[in-house]
Each structure stands twice: as structure tokens, then as C-alpha cells.
Amino acid sequence: MAIDLSRISIRPFKLSDVDDVLLWAGDDRVTKNARMETCGSRVEALAFIRDEYIHPLGRSICLDDMSIGIVWVLPWRGDDRYKADLGYALGFNYWGHGIATTALKIVLSQVFQEFPHLRRLQAFTLVENKASQRVLEKVGFHREGLLRMFFNFKGKLDDLFVFSFLSTDGIPYSV
């Protein structure tokens with residue numbers, strides 16, 4: 001089933017997204033590679049939205065305004081405010097349709113205007129998460145290297161690949 005990618009948008013979360021969020025954030029297949037815990041109930045999904053992602057840094061990936069995933073940008077502070085971390089997760093039923101690529105293209109087209117002091121956007125992937133690595137490379141991120149035993153990921157020290165996109169890289173596509 002092909003999905004018309006023009007139906008994909010990025011917007012702030014709303015509390016009314018709770019049932020949609022529970023569908024994807026409650027799926028272990030989605031959260032196994034993400035820095036988020038699996039939501040086990042509607043109450044947890046509501047807390048996830050209200051306490052974690054109703055702010056300008058967490059955005060809902062939407063298909064026809066229905067939340068099907070998340071993308072976040074977390075700027076560093078102080079002397080490191082020129083950089084930010086990017087992450088994303090997408091509902092399992094939407095994997096492999098180009099939606100994550102489309103969502104990241106939208107974010108990249110906006111992030112350097114939204115955060116004018118930002119010069120470096122970086123993303124990290126688990127070594128075995130090949131699909132996420134492909135998405136990052138498709139939208140113009142550069143693989144910088146392997147960080148060995150870098151991250152305590154869900155109770156286990158894991159190796160991560162680090163990717164970067166600089167404000168000087170320019171957006172090589174239109175959104």
C-alpha cells in the first residue's frame with residue numbers, strides 16, 4: 001500500500017492525540033530503538049504527551065492530522081547551544097513507506113530558522129538500526145563515526161553511530 005507523502009505533516013502534540021499516541025508508543029517494536037519507554041496505558045500515553053512532548057521541541061508526525069510518530073529536537077545549553085540532538089520514532093505500520101524521510105525533510109527545512117543560533121544537528125542510532133541510518137543519510141546527514149560503549153541504553157552499554165547535519169550543509173531538496 002503506497003501512502004501519498006503529501007499527507008504527512010509535522011505539528012505540536014495535542015492532548016487529544018492520546019489514543020493515537022498509545023497505538024505507536026505502546027508498541028515495543030517502535031520503542032525498542034528509541035530513547036523512550038513503551039506506554040502501557042492511556043494514562044501513560046497522556047503523561048507522555050503532557051509531561052514530555054507538549055513543547056516546541058517535540059512534534060507529532062501526522063498522516064491526515066492523525067499522530068503516527070514523533071520527532072524531537074533537543075538543543076544543548078550554555079556554550080554548547082550551537083548544537084542539538086534529533087530523534088524520531090514512527091508507528092510500526094508506517095515503516096518502509098518514506099514517512100520518516102519526509103518528516104525529517106520537513107524538520108530540516110525549519111529547524112535552522114526556528115533556532116537561529118543552531119549550527120549542528122546530530123542524531124545517534126544503534127549499530128543494528130540500519131533503517132534509521134538509511135533515513136538519516138537520505139535526508140543529508142553525514143555519518144561521523146562509531147561511539148563505542150557510549151550510551152546506557154535500557155540497561156545495556158551500547159555502541160552508537162553518530163550522524164550530523166550542519167547549518168552550512170544546505171537542504172539538498174525542496175519540501
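If you're wondering where the values come from, they're calculated on a predicted model, not measured in any experiment.
When side chains are defined from C-beta on, L157 does not count as touching F151, because their heavy atoms never get closer than 4.5 Å. Side-chain contact check for M66 versus I68: some heavy-atom pair is nearer than 4.5 Å. Contact annotation: the side chain of R59 approaches that of Q110 to within less than 4.5 Å [non-hydrogen atoms, C-beta and beyond]. D27 is not listed as a side-chain neighbour of T38, based on a closest heavy-atom distance of 4.5 Å or more. Residues V21 and L46 have side chains not in contact (no heavy-atom distance under 4.5 Å, counting atoms from C-beta outward). Side-chain contact check for F165 versus L108: some heavy-atom pair is nearer than 4.5 Å.
The distance from the CZ atom of R81 to the CH2 atom of W76 is 14.5 Å, given to the nearest 0.5 Å. Atom CG of residue D17 and atom OG of residue S67 lie 5.0 Å apart, to the nearest 0.5 angstrom. Rounding to the nearest 0.5 Å gives a distance of 8.0 Å between OG of S60 and CG of D20. Taken from OG in S16 to CG in D65, the straight-line distance is 8.5 Å, to the nearest 0.5 Å. I10 CD1 to K105 NZ: the interatomic distance, rounded to the nearest 0.5 Å, is 13.0 Å. Between the CZ atom in F13 and the CD1 atom in I61 there is a gap of 8.0 Å [rounded to 0.5 Å].
Under the 4.5 Å side-chain contact rule for hydrophobic residues, L15 and W72 share a cluster. A continuous path of ILVMFWY side-chain contacts below 4.5 Å connects L118 to L74, so both sit in one hydrophobic cluster. Grouping the Ile, Leu, Val, Met, Phe, Trp and Tyr side chains by contacts below 4.5 angstrom, directly or via other members, places I171 with L86. Hydrophobic clustering of Ile, Leu, Val, Met, Phe, Trp and Tyr side chains at less than 4.5 Å, counting indirect connections, unites W24 with Y94. Grouping the Ile, Leu, Val, Met, Phe, Trp and Tyr side chains by contacts below 4.5 angstrom, directly or via other members, places V162 with L160.
V73 and F115 get closest at one heavy-atom pair: CG1-CE1, 4.3 Å. The heavy-atom pair separating D169 from S164 by the smallest distance is OD2-O, 4.5 Å. M36 approaches A89 most closely through the heavy-atom pair SD-CB, 4.2 Å.
Judged by the 6.0 Å and 45° rule, R143 forms no cation-pi pair with F163.
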Chi angles and distances behind the side-chain contact (heavy atoms from CB on, under 4.5 Å) call for F150, D159: CA-CA 6 Å; F150 182 77; D159 298 346; over 6 Å; no
Audit row: E37, T31, side-chain contact (heavy atoms from CB on, under 4.5 Å) steps and yes/no: CA-CA 6 Å; E37 296 298 322; T31 60; over 6 Å; no
Working for side-chain contact (heavy atoms from CB on, under 4.5 Å), residues I3 and I99: CA-CA 8 Å; I3 294 176; I99 294 171; 3.7 Å; yes
Worked check of side-chain contact (heavy atoms from CB on, under 4.5 Å) between T102 and I106: CA-CA 6 Å; T102 299; I106 294 169; 4.3 Å; yes
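Electrostatic pairing of R7 and D64 counts as a salt bridge here, judged by a charged N lying under 4.0 Å from a carboxylate O.
Screening I70, V107, L136 for a side-chain contact (heavy atoms from CB on, under 4.5 Å) with Y88, the sole residue that qualifies is L136.
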Donor-acceptor pairs under 3.5 angstrom involving side-chain atoms of residues 119-131: please list them, not counting sequence neighbours.
{"unit_1": "R119", "atom_1": "NH1", "unit_2": "P116", "atom_2": "O", "d": "2.9"}
{"unit_1": "R120", "atom_1": "NE", "unit_2": "Q122", "atom_2": "OE1", "d": "2.6"}
{"unit_1": "R120", "atom_1": "NH1", "unit_2": "E144", "atom_2": "OE2", "d": "3.0"}
{"unit_1": "R120", "atom_1": "NH2", "unit_2": "Q122", "atom_2": "OE1", "d": "3.2"}
{"unit_1": "R120", "atom_1": "NH2", "unit_2": "E144", "atom_2": "OE1", "d": "2.7"}
{"unit_1": "Q122", "atom_1": "NE2", "unit_2": "D85", "atom_2": "OD1", "d": "2.8"}
{"unit_1": "T125", "atom_1": "OG1", "unit_2": "Q133", "atom_2": "NE2", "d": "3.4"}
{"unit_1": "N129", "atom_1": "OD1", "unit_2": "S132", "atom_2": "N", "d": "3.2"}
{"unit_1": "K130", "atom_1": "NZ", "unit_2": "V127", "atom_2": "O", "d": "3.4"}

